[in-house]
**Q** 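Questions regarding the structure given below will be posed in turn.
Proteins get letters first, then strands, A, B, ... in listed order; numbering begins at 1 in each. Quick caveat: nothing in here was measured; it's all calculated off a predicted structure.
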Amino acid sequence: MPERADFLHGGLRMRLVVGLKYILDPEIPPRDFRIDEEARRPVQGRASLVISPFDENALELALQMKDRDPATQVVALSAGPASSEEALRKALSLRVDEAVRVETDPLGEPDGEQTALLLARAVQRLGGDILLVGRQAGDWDRGQTGPIAAEILGWPCVTAVSRIEAADGRLRLRHEGPDGLEVVEATPPLVLTVTNDEANQLRIPKARDILATRSKQVGRLSLDDLGLSPEAVPPRSEVTRLYVPVEEHQCEWIEGDDAEAKARALADRLMALKVL
Amino acid sequence: MSVLSLLLLRDGGRPDKAALEALGAGRVAARALGAELEAAVVASGGGRAELGAYGVRAVWQLAGPAGDYQPERWLTALEGLVRAAGAEVVVLAGDAAGRELGPRLGHRLGSGSVTECVDFRAEGGRLEAVRPVFGGKATAHVRVEGRPAVLVTRLHAFAPAEPGEAGAEPAVHEVAVELPPADGLPRVVERIEESGGGVRLEEAKRIVSGGRGLGGPENFALLEELARVIGGAVGASRAAVDAGWVPPSYQIGQTGHIVAPDLYLAVGISGASQHLAGIAGARHVVAINKDASAPIFKVAELGVVEDYRKVLPPLIEELKRRLG
């Protein structure tokens with residue numbers, strides 16, 4: 001386990017801000033998935049709301065850094081409607097130090113640019129050395145928020161990070177680059193986007209910690225608190241159509257009296273494809 | 001009016017697969033808009049790309065060296081080239097580099113970006129990007145408000161450009177761009193060799209892939225054996241990765257590796273939307289699953305409803321015999 005001093009940066013305690021998006025459960029089967037074509041957005045229907053899966057991985061990495069150095073502070077941050085406070089309550093039950101919601105109600109459903117601006121301004125307001133977010137949210141799959149927040153903050157960005165180690169005041173980040181898995185060395189301030197790994201599955205809260213969250217408060221920041229007006233947070237993209245694609249497809253079933261006959265028939269058909 | 005394909009050549013001046021996809025996608029966008037295709041090139045080692053055969057009218061490249069790929073430095077290089085070229089639309093391939101640079105570039109240029117594009121079409125003289133959303137359960141058309149729109153492809157969604165008859169040699173413009181010093185920026189200190197999976201999956205011609213239906217990690221050995229026989233790679237669904245049976249480098253899907261093999265053999269994979277979104281580019285999908293109602297059969301060309309444990313051993317023997 002690294003020494004505490006490994007985590008010190010510039011003589012300050014490391015403060016990690018983790019962005020959490022509260023979304024329609026991406027695992028909902030297609031038959032239960034509904035959209036409002038007119039409004040060009042999904043409707044909740046039977047779907048429950050969950051923390052976006054890669055954001056959970058980001059939260060777990062932050063909590064692991066706190067495990068290794070209790071002086072590390074973790075702030076959970078969500079830009080969204082009031083329902084997002086459920087995600088923040090879950091983060092509180094996992095013992096983050098603070099949980100803050102940026103109120104997006106005047107903006108409707110923000111796009112990637114808008115969310116990035118809100119998160120970046122909140123990080124400036126709350127203070128932080130590293131902003132961690134999932135590599136993409138499990139609803140619109142845009143993957144824009146982290147990289148654009150880095151632009152706004154003027155910080156470097158390392159994407160698709162799966163593990164973080166600290167050594168000699170630097171961070172060693174395992175990430176998936178264009179040529180494969182690699183280790184990148186970087187010093188805060190930084191924006192990290194996080195991808196899943198067997199070592200960063202989000203832990204389960206303890207019952208007593210869930211009880212303890214009842215007395216904890218979720219902080220709120222309005223656009224005004226961030227020095228912004230709705231006009232200062234314009235969307236940069238527009239969804240002009242949203243629909244469920246119609247699929248027409250016929251599968252050829254491989255038949256046979258038993259598994260071996262099916263295997264032989266499949267081998268015939270595979271050879272006939274001429275791709276082996 | 002022009003469409004600018006951005007080529008990030010990390011291996012000198014040779015156009016790699018991602019670069020050819022950026023050119024192919026750029027051509028689709030240019031046709032939709034009735035625009036000319038141009039290219040901007042950032043190459044490690046200052047290599048020069050030969051692009052005359054790809055129908056590119058102009059090439060914008062750095063006057064100085066770019067050095068090895070480093071996101072902040074190459075982003076500044078791209079920004080300088082795009083500003084000099086003044087295009088209507090900018091297109092990047094959605095490999096790891098395109099995905100991390102595209103959104104930042106769109107922001108820097110004061111316009112905006114769309115990622116995971118699978119098609120482009122013109123509506124009222126403006127380009128709209130078509131992309132899967134909600135793990136492939138829906139399709140959205142997205143328009144960027146500002147100019148130039150930065151559009152990042154979903155890897156393999158566009159056919160790579162093929163060299164045609166050499167047209168007129170493109171005009172070459174050299175642009176002087178001052179890159180930020182590398183000191184203090186993130187840098188690669190180690191490359192990790194992966195035993196399986198990894199970016200190689202994205203190039204594999206044949207993939208044998210396993211899901212939760214395998215029932216446990218030990219059963220991937222059968223898949224490995226089949227992959228050896230047919231000269232393929234082994235992948236997995238997110239469910240198998242989340243179960244801890246194989247490392248995340250094996251993961252195929254919208255949230256893993258996007259693949260486009262000639263043959264994709266799915267074993268014990270139910271076919272969650274996000275998984276199907278990652279194999280949309282496969283030429284032939286073959287599925288083996290006990291459950292005939294599994295969604296994987298909706299995209300499979302050949303389907304075997306059977307316990308894979310009973311099918312794979314005789315299949316491996318048959319194929320061994322036939323492939324000698």
Side-chain angles (χ1 to χ4, degrees), chain A residues 26 30 33 35 42 112-113 136 138-144 147-148 150-151 156-160 162 176-187 195-198 236-245 247 249 251-254 259-260 262-264 266-267 269-271 273 275-276, chain B residues 10 69 71-72 95-97 99-100 103-104 107-108 112-116 128 133-135 137-146 185-192 194 198-199 230 244 247-249 254 262-263 273 284 297-304 306 310-311 314-315 318-319 322-323:
Chain A
F33 178 74
I35 54 171
E113 288 273 355
Q136 68 200 63
D139 49 4
W140 292 93
D141 290 311
R142 287 185 286 233
Q144 292 175 319
I148 295 172
E151 284 297 302
C157 180
V158 183
T159 57
S162 53
E176 204 162 302
D179 297 306
L181 266 188
E182 53 195 25
V183 177
V184 165
E185 216 170 68
T187 38
T195 193
N196 62 315
D197 181 270
E198 64 263 38
R236 299 234 196 145
S237 60
E238 187 192 358
V239 175
T240 57
R241 279 188 72 195
L242 182 69
Y243 54 94
V244 173
E247 281 161 24
H249 182 78
C251 177
E252 177 189 334
W253 300 105
I254 303 292
E260 285 192 22
K262 287 179 187 172
R264 276 194 304 275
L266 178 58
R269 294 292 290 115
L270 287 176
M271 297 306 292
L273 292 178
V275 292
L276 294 184
Chain B
R10 297 183 310 280
Y69 177 73
E72 278 70 28
D95 65 353
R99 287 198 302 266
E100 66 183 3
R104 298 178 71 176
H107 180 86
R108 244 184 225 199
S113 55
V114 185
T115 55
E116 304 263 328
E128 291 192 351
V133 292
F134 298 90
K137 287 194 274 289
T139 301
H141 293 205
V142 187
R143 190 169 62 204
V144 171
E145 302 296 343
L185 291 175
R187 67 189 179 96
V188 177
V189 293
E190 188 185 331
R191 298 208 185 274
I192 299 172
E194 296 166 87
V199 286
I230 64 172
S249 58
Q254 175 129 353
D262 291 335
L263 175 65
S273 309
H284 303 286
F297 289 121
K298 291 212 168 78
V299 302
E301 178 178 336
L302 300 175
V304 184
E306 187 60 82
K310 294 183 186 158
V311 178
L315 179 66
E318 279 291 325
L319 290 175
R322 296 180 195 216
L323 295 168

**Q** For chain B, which of A186(A), S237(A), G177(A) has the most heavy-atom pairs under 4.5 Å?
**A**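 Heavy-atom pairs under 4.5 Å are most numerous for S237(A).
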**Q** Who wins among E100(B), R322(B), K298(B) for the most heavy-atom pairs under 4.5 Å with chain A?
**A**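 The option with the most such pairs is R322(B).
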**Q** Between P30(A) and chain B, which part of the residue has a heavy atom less than 4.5 Å away: side chain, backbone, both or neither?
**A**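 Both parts, backbone and side chain.
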**Q** Does any N or O in the side chain of K310(B) come within less than 3.5 Å of the main-chain N or O of A263(A), such that one atom is a donor and the other an acceptor?
**A**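 No, the answer is negative, given that no donor and acceptor are paired below the 3.5 Å cut-off.
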**Q** If you count heavy-atom pairs within less than 4.5 Å of chain A, which of D95(B), T115(B), L185(B) leads?
**A**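 Highest number of pairs under 4.5 Å: T115(B).
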**Q** Flag the one option from V114(B), V133(B), I192(B), L319(B) with the top tally of heavy-atom pairs under 4.5 Å to chain A.
**A**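 Highest number of heavy-atom pairs under 4.5 Å: I192(B).
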**Q** Chain B heavy atoms under 4.5 Å from E238(A): which part of the residue, side chain, backbone, both or neither?
**A**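 Interface part for E238(A): both.
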**Q** Rounded to the nearest 0.5 Å, what's the gap from CD on E72(B) to CD on E151(A)? Could you check?
**A**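 E72(B) CD to E151(A) CD: 8.0 Å, rounded to 0.5 Å.
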**Q** Identify the heavy atoms of R10(B) and P178(A) that sit nearest to each other, and give their distance.
**A**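 Distance-wise, the nearest heavy atoms are CZ-CB, 3.4 Å.
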**Q** Do you know which of V189(B), D262(B), V144(B) has the most heavy-atom pairs under 4.5 Å to chain A?
**A**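 Top count of heavy-atom pairs under 4.5 Å with chain A: V189(B).
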**Q** Can you name the closest pair of heavy atoms from P156(A) and P186(B) and give their distance?
**A**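 Scanning both residues, the minimum pair turns out to be CB-CD, 3.6 Å.
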**Q** If you measure from the Lys or Arg side-chain nitrogens to the Asp or Glu carboxylate oxygens, is any gap between E182(A) and R191(B) under 4.0 Å?
**A**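 Salt bridge: yes.
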**Q** Looking at R143(B), H141(B), E128(B), which hits side-chain hydrogen bond (donor to acceptor under 3.5 Å, both in side chains) with T240(A)?
**A**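 The residue from R143(B), H141(B), E128(B) that satisfies side-chain hydrogen bond (donor to acceptor under 3.5 Å, both in side chains) with T240(A) turns out to be E128(B).
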**Q** Please flag which part of S273(B) lies under 4.5 Å from any non-hydrogen atom of chain A: side chain, backbone, both or neither.
**A**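 Looking at S273(B), just its side chain touches chain A.
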**Q** With heavy-atom distances below 4.5 Å as the criterion, would you say the side chains of E198(A) and P248(B) are in contact?
**A**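 The answer is yes; the side chains approach within 4.5 Å.
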**Q** Looking only at heavy atoms and a cut-off of under 4.5 Å, which of A96(B), A97(B), P103(B) has the most pairs with chain A?
**A**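 The residue among A96(B), A97(B), P103(B) with the greatest pair count is P103(B).
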**Q** Under 4.5 Å from any heavy atom of chain B, what part of Y243(A) do you find: side chain, backbone, both or neither?
**A**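 Both backbone and side chain.
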**Q** Going from CG on L266(A) to CD on E318(B), what distance comes out if it is rounded to the nearest 0.5 angstrom?
**A**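 If we round to the nearest 0.5 Å, L266(A):CG and E318(B):CD are 10.0 Å apart.
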**Q** In Å, rounded to the nearest 0.5 Å, how long is the span from NE2 of H284(B) to CG of L273(A)?
**A**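 If I round to the nearest 0.5 Å, the distance is 5.0 Å.
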**Q** Starting at CZ of R236(A), measure out to OG of S113(B) and round the result to the nearest 0.5 Å.
**A**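 Interatomic distance, R236(A) CZ to S113(B) OG, rounded to 0.5 Å: 9.0 Å.
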**Q** Would you mind reporting whether M271(A) and L323(B) have side-chain heavy atoms less than 4.5 Å apart?
**A**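 Yes, close enough: below the 4.5 Å cut-off.
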**Q** Of the backbone (N, CA, C, O) and the side chain (C-beta and beyond), which part of A160(A) lies under 4.5 Å from a heavy atom of chain B, both, or neither?
**A**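 Interface part for A160(A): neither.
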**Q** Can you tell which part of Q144(A) gets under 4.5 Å to a heavy atom of chain B, answering side chain, backbone, both or neither?
**A**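 It is both, since atoms from each part get that close.
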**Q** Out of V244(A), I148(A), T195(A), which one racks up the most heavy-atom pairs below 4.5 Å with chain B?
**A**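 Sorted descending by pairs with chain B, the first entry is I148(A).
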**Q** Please find the pair of heavy atoms, one from D141(A) and one from E116(B), that lie closest to each other, and give the distance.
**A**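 In terms of heavy atoms, the two residues are closest at O-CG, 3.8 Å.
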**Q** Heavy-atom pairs under 4.5 Å with chain B: which of L270(A), V275(A), L181(A), L276(A) has the most?
**A**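 The answer is L181(A).
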**Q** Could you check which of P314(B), A300(B), G244(B), P247(B) has the highest count of heavy-atom pairs closer than 4.5 Å to chain A?
**A**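 Highest number of heavy-atom pairs under 4.5 Å: A300(B).
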**Q** Check the pair Q136(A) / Q254(B) against side-chain contact (heavy atoms from CB on, under 4.5 Å), numbers first and verdict last.
**A** CA-CA 10 Å; Q136(A) 68 200 63; Q254(B) 175 129 353; 4.1 Å; yes
